[in-house]
Amino acid sequence: MALVLTEEQSMLRDSARGLISDKAPVSHLRHLRDSKDPTGFSKELWQSFAEMGYAGLLVPEEFGGSGLGFMEAGIVTEEIGRTLMPSPFLATSVVAASALNRGGSAAQKSEYLPKISNGSLLATLAIDEGAKHRPLQTNLQAVRAGNGFKLSGAKALVVDGHVADLFIVAARTAGAAGKREGLTLFLVNSKAKGVAIERTIMVDAHNAARIEFANVELTADSVLGEVDQAAGLLDGILDIGRGAVAAEMVGLSDEVFGRTVEYLKNRKQFGKLIGEFQALQHRAAQLYVDIEITRAAVMKALQALDADVAKAASAVAVAKARAGTTATRAVQEGVQMHGGMGMTDQFDIGFFMKRARICEELFGDANYHTEQLARARGY
Amino acid sequence: MALVLTEEQSMLRDSARGLISDKAPVSHLRHLRDSKDPTGFSKELWQSFAEMGYAGLLVPEEFGGSGLGFMEAGIVTEEIGRTLMPSPFLATSVVAASALNRGGSAAQKSEYLPKISNGSLLATLAIDEGAKHRPLQTNLQAVRAGNGFKLSGAKALVVDGHVADLFIVAARTAGAAGKREGLTLFLVNSKAKGVAIERTIMVDAHNAARIEFANVELTADSVLGEVDQAAGLLDGILDIGRGAVAAEMVGLSDEVFGRTVEYLKNRKQFGKLIGEFQALQHRAAQLYVDIEITRAAVMKALQALDADVAKAASAVAVAKARAGTTATRAVQEGVQMHGGMGMTDQFDIGFFMKRARICEELFGDANYHTEQLARARGY
Amino acid sequence: MSDSEAADLETFRSETRAWLEANCPPEMRKPATSDADVFWGGRNAKFSSEPQRIWFERMRDKGWTVPDWPKEYGGGGLSVAEHKVLRAEMAKMGARPPLSSFGIWMLGPALLKYGNDAQKKEHLPKIAAGEIRWCQGYSEPNAGSDLASLQTRAESDGDDFVITGSKIWTSYANYADWIFCLVRTDPTAKKHDGISFILFDMTSKGVTTKPILLISGYSPFCETFFDGVRVPKSHVVGTVNRGWDVAKYLLQHERAMISGMGERGVGRPLGQIAADSVGTDALGRLDDAMLRGQIASFDVDEAALAACAERAVDLAKAGQAHPAFSSAMKYYGTELNKRRYEILMSAGGVDALEWESERSRQGARPRAWLRTKANSIEGGTSEVMLGIVAKRILDLPGA
Amino acid sequence: MSDSEAADLETFRSETRAWLEANCPPEMRKPATSDADVFWGGRNAKFSSEPQRIWFERMRDKGWTVPDWPKEYGGGGLSVAEHKVLRAEMAKMGARPPLSSFGIWMLGPALLKYGNDAQKKEHLPKIAAGEIRWCQGYSEPNAGSDLASLQTRAESDGDDFVITGSKIWTSYANYADWIFCLVRTDPTAKKHDGISFILFDMTSKGVTTKPILLISGYSPFCETFFDGVRVPKSHVVGTVNRGWDVAKYLLQHERAMISGMGERGVGRPLGQIAADSVGTDALGRLDDAMLRGQIASFDVDEAALAACAERAVDLAKAGQAHPAFSSAMKYYGTELNKRRYEILMSAGGVDALEWESERSRQGARPRAWLRTKANSIEGGTSEVMLGIVAKRILDLPGA
């Protein structure tokens, strides 16, 4: 498969870019932040997303979706990365939709996927418990109770947790923290008794929550996939999320770089355009190369996911690790090259730095994925 | 103690620099290499070193030495680093003299130290066995035999091994490789039966050997320090060696940097002096800062050794680690900025790159010492 | 140092230690943790606690808010060696500085070198006594790193200058009583030649200030506007149109100050702080091998920089310091401090990403992280510092 | 691609595979490990083995020494898609290139684009058949990166040019039969305008060569001297004084070639190679935590670069490639290759530091390591590559 966009994919990109840049430039996020919007995103815009088929982009057509692939999902998140639009797309349309589609029973699919496609249901994966992303360390307890289960424990950095209708919760039904065996995924209604949701205002002004589960009672049909055997399913879901976030980081990096190059071409210091200074030229050129290489790695990962999610782990680790270091570098150079102006809230550059930090942490940072690659390669 | 040279130290530096730059510029090493000199160093020059009091610089005055400190030893190795003079100074006058002085019995000191001072005895520490410097992994076996010991095993990267009269051999008398307990140091005459010496021509054209010990019989008074308890003594000896090598690397870095800056001021490309190109200016400035910071760290380590060898470990780890990364960077930038000319054997820059690589490996590379610091700090 | 000088110094040390022990309130023997812990002085100053007041007044009365200034200006008249002893004893005890002030750090040294007698007598004692709080008017919105391209103009009108223009990044301008300010007194001269260094009261007619919101949130920085502010010509420090000399002198002070940021140990080793949130592996090592490596490399560099900072002081004392070396230190120190905070963010993970919660002390860590990004911009960018090293130390052509 | 085209390509693939299986000797199905394994052709060429001869002759007879050149010039006449299939099938089998040649890699493409009919007919078939071995005369001792400042002059004398000057870094000049060479035909024109691209026989009177000793030891590089070498004007390729166009075209080819160096997997993962010498810890991880981190970061970057190299080809096929992108790849690929060898040296430790022993295969690893330091110099330095990216891709002012 060639690492270039097909004609259809280019059209998708253009149409997503058109909608997003028109309706949700960075000022959209700024407004939501400054007005302390209670949901933190625009429902109206999400409805447009649904109407254009983006909400159900990964959902099979039989459930009202567009039946597209991860490459297409990445095209959309890349465009989202350019304007930092807060949107349920990642949590609901990429991660949750993939979880349901890959792990769900026929009944679960029929119940939830059409609602995701038409924009009426928001869902999210609740995975992290500690400070760092360590899926196997999952220790939220799910104990058998009658025919069902009782959930107790807490989750952090649950994306869109304060507005989601449905949580997909990683829990431990057996084994000790750290083991692959004994993980189970549960579908939990956000209004269920015992669920306590605390919206957390994050550095990037995007949406997340901490969730506590206090003896939350679930029926047996709340299990997504198989009891104790969710590790493989979870790997796949997380890798899909990682691919999408990596693509968002490419969009973010590219945008912040584009803005920085523009600044270099217009700002004068010491009687010259600062873009004439060779030291800055070389750093800009290095950053350009970094971004292009990362872009290719991310496309490669999305293609690998489209080909076979189970075999995409290494490509995804490379992509997410590279996306992390590249985005970090892009926003750092962006702020530095904008000088004092880049430090002011009034300029947009800071928003990119903040969002990059969250994207870096989401589903494992560069260090995590670099470590994964080392382990996979046996050293 | 101020981190500046005293008047006496400045005089020592000037006099060492005078002798070395006069008698042993880089062409001296080149000649020894190209003529395949059987000893690989100049005995005549070593005699001058002895006469000027450098050979016995660290030896107490009662044994015919100068009774100076590690700061002074570092001043000499720094000057050696500037011209890459191959010399027994490091192995004999720094490492072996310190080992004997710190661990030797009265009889051992009286026997060897005066000969070191007058330049008639060359000695060296034989420590490394594997590819990397791992002192605790010492596994050369010393088994008790009658009143004495029998040594069996092999050592690599024994500096001056092919010309040394005396080896100070780290051996294992008890415990498994990796343990601090059970290490013993032995004084072994290089002509002893069972000692096989293979001179190894190294990348830097300095002198080293691989030594095999096949049932080498030693009397009990060959033990330096205490049986099984050499770890602490060895730590100290190695740290002294590390400090001296780090100082050599500062001299080497500074010299290669100075030559590079000169080249930047004289070489023209695209109608300009290449030193006018801002990208190169910034890289040169960064390298300057790196070298100055490293210089301070190395002085700090030498002072710490002078104050109390047993408490200098962290300062030495910092110094050797920094010296390694800085020298690596200095020689890489040196070759790159000299362009194609820097790649030719005809230019001297390559000699610095080669020597830096050996210095980096000697007594533990930057990775090793960075790791030591992390462990010392408990993480 | 002679033996008797050394003995005198030891006497000074024991007396100082005893005095500090007797006079520094226990509450003042730990690091400041909030803005309220820091006393800045000024006309509207309030003490946040009784111990803060006591400590300040006792130190002021000894002249030890400015220990090395001459006694006639309210200083302690200490020698370089004595001052070092005092600092060391205070550090040993953890004693806070009794007074923080741009007057002490910046204007004072400039006045001591360039001020006339009247100016010294007028301003230095009030700085030492914390009566007047100063701010610095250097940067301008369009000048950026090219400080000397400043546009704020001072037009001659009889015995006064009339000042019009604006400044940016004026720290605490909204709290300051007076400003020391660079203004253009000769618009026809070459860029560096028509600048003067002038002092005036911030309550003068025509001065307004507006705080700047940073990416890290609220900041001490302000924009400051001058609309026909009338200032007597006698308020110029040094020669009219030679203000750039004063400015350069001060910038070196500022750089030395900022470069200090990277050197401070934070108490516990970074690696242990990280282990608290990240955990350890079966071998007891930080359970993030890559992060562990980054921290260890940072620790090496930080320790080396600390040695270099110490050496810079020693070289200065020995008269062997290169005057531009503070630029080298400023560059490395600020870049290192940015690395420290990148590591702290990585170590903190999810917990370091909250912005407003009580749990996160209103996002203290991410705000501090974002704030460090300005370190390599303020007081001369890293690029400008490298240029200075290339030109003044390495003597590279055209730098 | 239409269905029928796709089907044709599959037919081609199976036929090619069958032919290669039948015709590639088993000895030729593993990578070259020494210079003798590589067949360079030329008047004095000798085969190092019978299988090498057989493989070369069979491939030559099919035109597959230059599979995508037109059949009339001895090529295979393959389409881009077919050529890719052939390369893929050869790679799958591990089949070596039958002929290595600067004629194939560099002069051929230039002649196909800029040569006249007579030149193509004269030279291309001999390149394809390995009859003439070429070398490249570009760099000069004083020109360095500033290639266009070359001084070798070609003076007009009737129907001939008389060439005087010298070249450096002429790979294998001492083995080559002919040279393609940049010479100054108009010393009065602007730097880039007075240059011509000319071909001549290395046995011409006045040509001498001298090998260059590198820091890594013996090298294929030579200095080459021209002392009044007489060459017919008809040997100029393209227009007289427009040789820079040809040179630039060729440089892009060369960069794309060199950038490939960083991409190749080395078989076993680097981390495992390192573990062989360094050992593993109680958790089974490479027992040098810092080195392990450096290797893992390298692996990430190498995999990403491989994806980018693949994408660069795909973009070129889709007509979406930026013509200067090869400079970006050249920069990153060569820097990465240097990193690879730094890691290999660190992993090898003491064992990688011997220079002459049999044990070390005469210092194979340190020599390879030192040799990589030229990667970021030859074919355009990293600095020049970054400048090209800044100017041609980013369109930065004054770049």
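Everything numeric here is computed off the predicted structure, so don't read it as measured data. Chain identifiers are assigned alphabetically (A, B, ...) following the order of the sequence lines, protein sequences preceding nucleic acid strands; residue numbering begins at 1 within each chain.
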Peer 1: Counting only non-hydrogen atoms closer than 4.5 Å, does D:A148 touch chain B with its backbone (N, CA, C, O), its side chain (CB onward), both, or neither?
Peer 2: neither

Peer 1: Between D:D288 and B:R134, does any side-chain N to carboxylate O distance fall below 4.0 Å?
Peer 2: yes

Peer 1: Can you tell which of D:L386, D:T381, D:L370 has the highest number of heavy-atom pairs within less than 4.5 Å of chain B?
Peer 2: D:L370

Peer 1: Check B:A131 against D:G348 and note the closest heavy-atom contact, atom names and distance.
Peer 2: CB-O, 3.5 Å

Peer 1: Does any heavy atom of chain B fall under 4.5 Å from the side chain of D:S346, the backbone, both, or neither of them?
Peer 2: both

Peer 1: Under a 4.5 Å heavy-atom cut-off, does chain D meet the side chain of B:E371, its backbone, both or neither?
Peer 2: both

Peer 1: Do the non-hydrogen side-chain atoms of B:T328 and D:E342 ever get within less than 4.5 Å of each other?
Peer 2: yes

Peer 1: Heavy-atom distance under 4.5 Å to chain D: side chain of B:T344, backbone, both or neither?
Peer 2: both

Peer 1: Less than 4.5 Å apart, any side-chain heavy atom of B:E361 and any of D:M345?
Peer 2: no

Peer 1: Give, as side chain, backbone, both or neither, the part of B:Q332 having an atom under 4.5 angstrom from any heavy atom of chain D.
Peer 2: side chain

Peer 1: Which one, B:G339, B:G350, B:A366, leads in non-hydrogen pairs under 4.5 Å with chain D?
Peer 2: B:G339

Peer 1: Using non-hydrogen atoms only, which part of D:I212 is less than 4.5 Å away from chain B: side chain, backbone, both, or neither?
Peer 2: side chain

Peer 1: Is D:R359 in contact with chain B via its backbone, its side chain, both, or neither, using a 4.5 Å heavy-atom distance?
Peer 2: side chain

Peer 1: Of the backbone (N, CA, C, O) and the side chain (C-beta and beyond), which part of D:S382 lies under 4.5 Å from a heavy atom of chain B, both, or neither?
Peer 2: both

Peer 1: Please give me the minimum heavy-atom distance between B:R210 and D:D351, naming the atom from each residue.
Peer 2: NH2-OD1, 3.1 Å

Peer 1: Tell me, out of D:D146, D:L291, D:I377, who's got the most heavy-atom pairs with chain B below 4.5 Å.
Peer 2: D:D146

Peer 1: Strictly distance-based, threshold 3.5 Å: is any side-chain N or O of B:Q269 a donor or acceptor partner for the main-chain N or O of D:S145?
Peer 2: yes

Peer 1: Hey, are the side chains of B:K354 and D:S216 touching, using non-hydrogen atoms and a 4.5 Å cut-off?
Peer 2: no

Peer 1: With a 4.5 Å heavy-atom cut-off, do B:D365 and D:M290 have their side chains touching?
Peer 2: no

Peer 1: Heavy-atom distances under 4.5 Å only: say whether B:L362 touches chain D with side chain, backbone, both or neither.
Peer 2: neither

Peer 1: Side chain, backbone, both or neither: which part of B:R283 has a heavy atom under 4.5 Å from chain D?
Peer 2: side chain

Peer 1: Select one option (side chain, backbone, both, neither) describing which atoms of B:E360 are under 4.5 Å from chain D's heavy atoms.
Peer 2: neither

Peer 1: For each of B:Q346, B:M343, B:Q137, tally heavy-atom pairs with chain D at distances under 4.5 Å, and name the one with the top tally.
Peer 2: B:M343

Peer 1: Heavy-atom distances under 4.5 Å only: say whether D:S149 touches chain B with side chain, backbone, both or neither.
Peer 2: neither

Peer 1: Flag the one option from B:M353, B:K132, B:Q336, B:E198 with the top tally of heavy-atom pairs under 4.5 Å to chain D.
Peer 2: B:Q336

